[in-house]
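Here the structure is laid out as structure tokens; the discussion comes afterwards.
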Amino acid sequence: MSVAANLPPLRLGIVGLGVAGSIMVMNLRHHPGVKLVAACDLNQSALECFASDFNAFTTADLSELLALPDLDAVYIATPHQLHREQAIQAAAAAGIHLIVEKPLALTLGDCDQIIEAVAANGVQLVVGHTHSFDPAVAKMAAVIASG
């Protein structure tokens, strides 16, 4: 039995219920290591569906979501131009671990600010997912490398 099997589920909040956020919700809804506890979005209809599906807290105000006492991490899946501000707010103001959809931010300076906030507040940061190990991408890399 793995160590993870003995841990309580990660209590995750979703910030942004658009395409990326909805895909993540669908992928995590039955994962035994994750409990979806909250969502933040400006779309009231999306929030109502999330609340109904997960019996979870919903809000249009990120500060309200970040103030929840039972939140371990947030998945930020909002438009890219919001990532820097929201990630820094979550890391610095709330000390909450982050998963941020790619791209992390729009400039290297913005990325540096997020990384500094994460380091200063002792939280973990994961940036989106990568397709680097997908068979088609690996094949393309091999073709390119072969000249």
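In this text the structure is predicted, and so the values were computed from the model without any measurement. Position 1 is the first residue of the sequence, and the numbers go up from there.
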Neighbour count above 12 (heavy atom, 6.0 Å) for [X] [atom1]:
X	atom1	value
N55	CG	no
E64	CD	yes
Q89	CD	yes

Could you name each residue pair satisfying salt bridge (charged side-chain N to carboxylate O under 4.0 Å, His left out) that touches residues 7-25, not counting sequence neighbours?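 Sorted result for residues 7-25: R11-D72.
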Through direct or indirect side-chain contacts below 4.5 angstrom among Ile, Leu, Val, Met, Phe, Trp and Tyr, which residues connect to M26?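 ILVMFWY cluster around M26 holds nothing else.
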Looking only at heavy atoms, which two atoms of [X] and [Y] are closest? And how far apart?
X	Y	result
L71	G13	CD1-N, 3.3 Å
A77	G21	CB-N, 3.6 Å
I96	A73	CG2-CA, 3.4 Å
H83	I114	O-CD1, 4.1 Å
T59	L47	O-CD1, 3.6 Å
T78	Q86	OG1-OE1, 2.6 Å

Kindly indicate whether the side chain of [X], heavy atoms from C-beta on, has any atom under 4.5 Å from the side chain of [Y].
X	Y	value
V126	V100	no
I99	I76	no
L106	Q81	yes
V15	Y75	no
V74	L98	yes

In terms of hydrophobic clustering (I, L, V, M, F, W, Y; side-chain heavy atoms under 4.5 Å; direct or indirect links), are [X] and [Y] co-clustered?
X	Y	result
L66	F57	yes
F54	I23	no
V123	L65	yes
V34	V25	yes
L68	L12	no

Taking atom CG of N121 and atom NE2 of H97, what is their separation to the nearest 0.5 Å? 11.0 Å
Quick one: does any side-chain atom of S22 pair with a main-chain N or O of L17 as donor and acceptor, under 3.5 Å? yes
Test side chain to side chain contact (heavy atoms under 4.5 Å, CB included) on L104 and L125; report intermediate values, then the result. CA-CA 10 Å; L104 176 59; L125 168 66; 4.2 Å; yes
Who are the side chain to side chain contact (heavy atoms under 4.5 Å, CB included) partners of N43, not counting sequence neighbours?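 Listed in chain order: D41, S45, A46.
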